[in-house]
J.: 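My questions all concern the structure below.
Sequential numbering from 1 along the given sequence is applied to the chain's residues. What you see below is based on every heavy atom in this structure, not just the backbone, and it leaves out hydrogens, waters and symmetry mates.
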Amino acid sequence: MIEQSEILSRRTRHKHKQFMMAADSVSNGGENIITDSDDDTLSPDDLSEVLTAGTKESHDRAENSPFVKDFLRGRIKRELFKLGTAALYYVYSAIEEEIEKNKEHPMFAPLYFPSELHRRDPLAKDLEYLYGEDWESKISCSAATQPYVERIHEVGRDDPALLVAHAWTRYMGDLSGGQILKKVAQRALKLPPTGEGVKFYHFEGIHSPTAFKRLYRSRMNELEVDAETKKKLLDEANLAFKYNLDVFTELQEIGKDIKEEVQDIGFHAHGDMGGDISKCPYYAAKMAVSGSTAHACNFAKMLLGPSTVQVILATCVAAAAGLAAWYLM
């Protein structure tokens, strides 16, 4: 009979191996991609799993908000996109200012990846493209964004451990569904294919988003957190989702007064699929990663468009289903 201590020891060794493989993947251009089977070692008590399960309802509310659903359809007005980019600039400026102040805090030091994750500078480049060289004089922190920014500064000052919740909510989301929003924005707003206006979504320091997200989760799960701290982190993550939803709601209201031509050219939102979940880009991506060629082809068609040549290309892309992992959290 195997002793409980030996079981825990084996699990710890396996998690350490997973951690080292993920780190190697990030540092070597993503060559050693970890397979989905590694996720079997995760426990419901792991911090990453506690946050994922505990914020599902908040995540669904944000994802199904009218603003996000319109965005996924490609019904995004340029002025709203500019205002949304400005809101993100203030949020990330606050997060990264507090991260820098607390980068040696024992709860955040293992998650300090400035060259890989920080978004303030790419957002500044996007704002310069969208507003011009004098962009700083043309933007302001909106009424919905201000409480979000103030809360981040409050956390950084009074309880830095809770920065983990804000970093996890934003950065992991941007490495996942954000990649889909990038393609929709480029098509809807006719932005240059070279990335101007959407540099926020491009993480130059990360060669394999899938491997990096697993590394990040692994480091989160190695943090020394008790049950009370996990509860506080979960509450803070749900609060972060609420702040994001408040910003989406504000943008939706502002958009009602903006007269601008828009058209449906994006992806289906969850509520607009007529019961067919396979039309959801996130679902198609997940099935593609699981090895389903049919779903991989479907996912590729969503990205490339409906023309005959593009469908042929989509079939070729389906053979490389692993690429869809870029869109999974």
Side-chain angles (χ1 to χ4, degrees), residues 56-88 126 129-130 142 144 170 173-193 195-202 241 244-288 295-311 313-314 317 323-324 326-329:
K56 185 181 185 304
E57 290 186 8
S58 295
H59 176 274
D60 290 347
R61 280 196 297 272
E63 187 177 282
N64 287 289
S65 66
F67 177 77
V68 174
K69 289 170 74 173
D70 279 349
F71 201 134
L72 283 170
R73 294 190 193 107
R75 297 181 60 82
I76 179 67
K77 299 173 181 178
R78 190 179 186 90
E79 189 59 32
L80 278 189
F81 184 76
K82 291 165 65 175
L83 292 173
T85 302
L88 287 172
D126 288 340
Y129 174 80
L130 294 168
S142 73
R170 284 296 342 168
D174 299 329
L175 277 169
S176 303
Q179 300 306 308
I180 291 176
L181 298 180
K182 171 186 176 181
K183 291 184 178 295
V184 173
Q186 285 179 312
R187 292 165 63 186
L189 302 176
K190 297 179 173 58
L191 298 173
E196 285 82 355
V198 288
K199 292 188 180 297
F200 164 69
Y201 298 109
H202 180 56
F241 271 108
N244 280 282
L245 183 57
D246 289 344
V247 173
F248 296 155
T249 301
E250 178 184 58
L251 289 170
Q252 187 70 17
E253 287 301 310
I254 293 172
K256 293 177 180 179
D257 297 324
I258 298 176
K259 306 301 180 185
E260 195 175 317
E261 290 289 328
V262 295
Q263 56 182 332
D264 287 306
I265 65 169
F267 298 109
H268 293 277
H270 282 182
D272 306 305
M273 298 181 295
D276 184 3
I277 193 173
S278 66
K279 293 179 182 179
C280 171
Y282 301 99
Y283 175 80
K286 185 171 184 178
M287 293 303 295
H295 283 94
C297 184
N298 189 35
F299 178 60
K301 288 177 184 178
M302 290 179 188
L303 296 181
L304 295 175
S307 73
T308 302
V309 174
Q310 289 173 329
V311 169
L313 287 173
V317 172
L323 290 176
W326 279 67
Y327 298 90
L328 295 178
M329 181 165 177

J.: Please tell me if the side chains of Pro66 and Phe248 come closer than 4.5 Å, counting only heavy atoms from C-beta onward.
T.: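 The answer is no; the side chains never approach within 4.5 Å.
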J.: Just by modelled atom types, is the Leu191 backbone N or O under 3.5 Å from a matching donor or acceptor in the Gln186 side chain?
T.: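 No, because the side chain of Gln186 does not come within donor-acceptor range (under 3.5 Å) of the backbone of Leu191.
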J.: Could you go step by step and tell me if Tyr201 and Leu181 meet the side chain to side chain contact (heavy atoms under 4.5 Å, CB included) rule?
T.: CA-CA 8 Å; Tyr201 298 109; Leu181 298 180; 4.1 Å; yes
J.: Within the 4.5 Å heavy-atom criterion, are Asp174 and Phe200 side-chain neighbours or not?
T.: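 A side-chain contact under 4.5 Å exists here.
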J.: What distance do Lys77 atom NZ and Asp70 atom CG have between them, rounded to the nearest 0.5 Å?
T.: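 Answer rounded to 0.5 Å: 8.5 Å.
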J.: Could you measure the distance from the CD1 atom of Ile76 to the CZ atom of Phe71? Nearest 0.5 Å is fine.
T.: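 One finds 5.0 Å between CD1 of Ile76 and CZ of Phe71.
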J.: At their closest point, which heavy atom of Gly74 faces which heavy atom of Val184, and how far apart are they?
T.: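 It is CA-CG1, 3.6 Å.
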J.: With rounding to the nearest 0.5 Å, note down the distance linking CZ in Phe67 to CG in Leu245.
T.: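 Interatomic distance, Phe67 CZ to Leu245 CG, rounded to 0.5 Å: 11.5 Å.
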J.: Only one of Glu57, Glu63, Arg61 clears side-chain contact (heavy atoms from CB on, under 4.5 Å) with His59; which?
T.: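 Exactly one candidate clears the test, Glu63.
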J.: Minimum heavy-atom separation for Glu253 to Lys256, with atom names?
T.: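 Heavy atoms only, the tightest pair is OE2-NZ, 2.9 Å.
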J.: To the nearest 0.5 Å, tell me how far Leu72 CG sits from Ile180 CD1.
T.: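 Answer for the CG-CD1 pair, Leu72 versus Ile180, is 7.0 Å.
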J.: Restricting to side-chain contact (heavy atoms from CB on, under 4.5 Å), what partner residues turn up for Thr85, sequence neighbours left out?
T.: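 Testing Thr85 for side-chain contact (heavy atoms from CB on, under 4.5 Å), a comparison that skips the adjacent residues, returns Phe81, Leu123, Asp126, Leu127, Leu130.
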J.: Between Ser142 and Glu250, is there a side-chain donor-acceptor contact under 3.5 Å, judged purely by atom types and distance?
T.: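 There is such a pair (donor and acceptor under 3.5 Å, judged by atom type) between the side chains of Glu250 and Ser142.
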J.: How far apart are the closest heavy atoms of Arg78 and Leu189, and which atoms are they?
T.: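 Nearest pair, atom of Arg78 first, then Leu189: NH1-O, 3.5 Å.
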J.: Closest approach of Tyr129 and Pro192, non-hydrogen atoms and distance?
T.: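 Tyr129 and Pro192 have their closest heavy atoms at OH-CD, 3.3 Å.
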